[in-house]
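Everything on this sheet refers to the single structure shown next.
Just the heavy atoms: all of them, side chains too, but no hydrogens, waters or symmetry mates, feed the values below. Position 1 is the first residue of the sequence, and the numbers go up from there.
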Amino acid sequence: MNIKFLRLIRNLVLFSLSIIAVQNTWAMRCLSGTKATSNFNIESAKNTTNTTNVGTITVTSFNDDANTLLWESQTYTSNFTCYDDAMTNSSEDAYLYVDDAAKKLATDFGNSNLIMGIRFNGQEYPITKTTDKIATGKRAISYQPDNFWSTSTAADNCRLIGKYGLGKRCSDPQTISLTYSLYIKARGSGSNFPSVIKDYDVFQLDGVGGRNGSGNFQEKVSGIRINYVECVPVLTVQTVDLGKYYAYQDVNTVLRKTPFSINVTTNGKDCAKYPFVGVFSSPLKVDSQTVTASESNMKDSIGIRIFEQGKNIPVNLNEKLDFGFSSGSQLTKDFDAGVLFLKKPTIAGKFSSVINYEVYFK
C-alpha cells in the first residue's frame, strides 16, 4: 500500500511541474501604445486589436493570373509595448504569429484560387498552413540585472504591471514600432473562394514561446467577400484623325474638338451586370490633363486633351472614369479630343501622340 501511495504522489508532482512549464512559455503581453506611465493591472488590460474591413473583391478571367494583386490594405505603422507578465526577467524578441491556432484563414485560402498575406519589412509572407510565425527582429522585453533589492528596477517593472511579490522580478518593457500591410493575390489555380462573407485573425504579436491566451495585440480582417465575374473585355487599337491646324492660331486654347468613341467587346454571361471604369494614361504626359506629340520637333509645342462628350473639363489622366454598363457584348463610351498649341510651333509637318486606356469592373 505504501508503494502505491508513493507512486501516486510522484505522478501528481510530475504532472504539476509540466503545467508550470507550459505556463512559463507565455512570457509577455504586447499591448498597443507606448509604455505605461503609472502602475496598472495587466491581468485586466483589454486585448487590443485592429480590424481592417476588406469588402467585396471582384475576380474575373482577366485578373486571376498567378500573383496578380487584387487588394491591399493601407500601410499601418503602430507602436506596441511588451511587458514581462510571466515574471521571467529574461530577454525575448517579438514575433507575428499568423492566423489563429485552428488555421482557419490558411484552410479557406489554401483550398481556393486566392492567397492572403502580410507585407512586412519589404517582404511578402503568404499565409499557409505551414506558416507559424514571422520574426520582427525587435527586442520586446529585456533582462534587467539589478534584481536583488525590492526597490530595484526589476522589482519596479513588476509593480508597474501589478505583478510585484516577494522575490518577483520582471524584465524591462520595450516599445517597438511595426510597419505592415495586408494583401490578397490571385493564386492562378484552385477552386473559387467561399461565397459567404468571412472574418479572420491575421496575426497576433507575441514572444518566442508561443501565443499568449491572455490578450496580446491582434490584427484582424472582416467583411471579405469574393465576387467572381465571368466577363472578358477585349480592347483594340484605335486611330483618331485630328485634322489640320495653322501656326498662327492661338496658344493655350483648345482649337478644335474631334469626336471619337472607345468600343470594347465584352464576352461572358456577366458582362451586362456590372458597371465598368476606365483610365487614360500616356508616356507623353505633360501635366495631369495634357499629352504632347511623339515627334521631337513637335514635342511640348502640341498638346492634346480628352473630354467626355458634351463636357468642357478635360479628363484627368491616371484617374478612374465611369464607363457605364455593357450591352452584354459591347461597351461604348463617347469622347472628344481637343488640340491646342502649348507654344507657337516653329515648323510645319505631321504630328502624332499615344494615349493608352484600360477598362475594368468598378
Should the pair K198 and Y200 be classed as cation-pi, given the thresholds of under 6.0 Å to the six-membered ring centre and 45° from the axis? no
Test side-chain contact (heavy atoms from CB on, under 4.5 Å) applied to L96 and T136, step by step: CA-CA 7 Å; L96 307 183; T136 67; 4.1 Å; yes
Indicate, with yes or no, if the rings of F40 and Y83 have centres closer together than 6.0 Å. yes
Do F341 and V286 belong together in a cluster built from hydrophobic side chains that touch within less than 4.5 Å? no
For R139 and S142, work out which heavy atoms get closest and say how close. CG-OG, 3.3 Å
Just do the side-chain contact (heavy atoms from CB on, under 4.5 Å) check on I226 and N192 with the steps written out, would you? CA-CA 9 Å; I226 309 300; N192 286 358; over 6 Å; no
Looking at K220, is its backbone amide N or carbonyl O close enough to the side chain of T51 to form a donor-acceptor pair, meaning the two atoms are under 3.5 Å apart? no
If you take all heavy atoms of D84 and S171, which pair is closest and at what distance? OD2-N, 2.8 Å
For the residue pair E219 / Y76, report whether a side-chain donor-acceptor contact shorter than 3.5 Å exists. no
Pairs involving residues 125-211, ordered by first then second residue, that meet disulfide bond (SG atoms under 2.5 Å apart) (sequence neighbours left out): C158-C170
Taking atom types as modelled, is there a side-chain donor on D65 or T68 under 3.5 Å from an acceptor on the other? no
Going by atom types alone, do T81 and T34 pair a side-chain donor with an acceptor below 3.5 Å? no
Check: F203 ring centre within less than 6.0 Å of Y125 ring centre: no
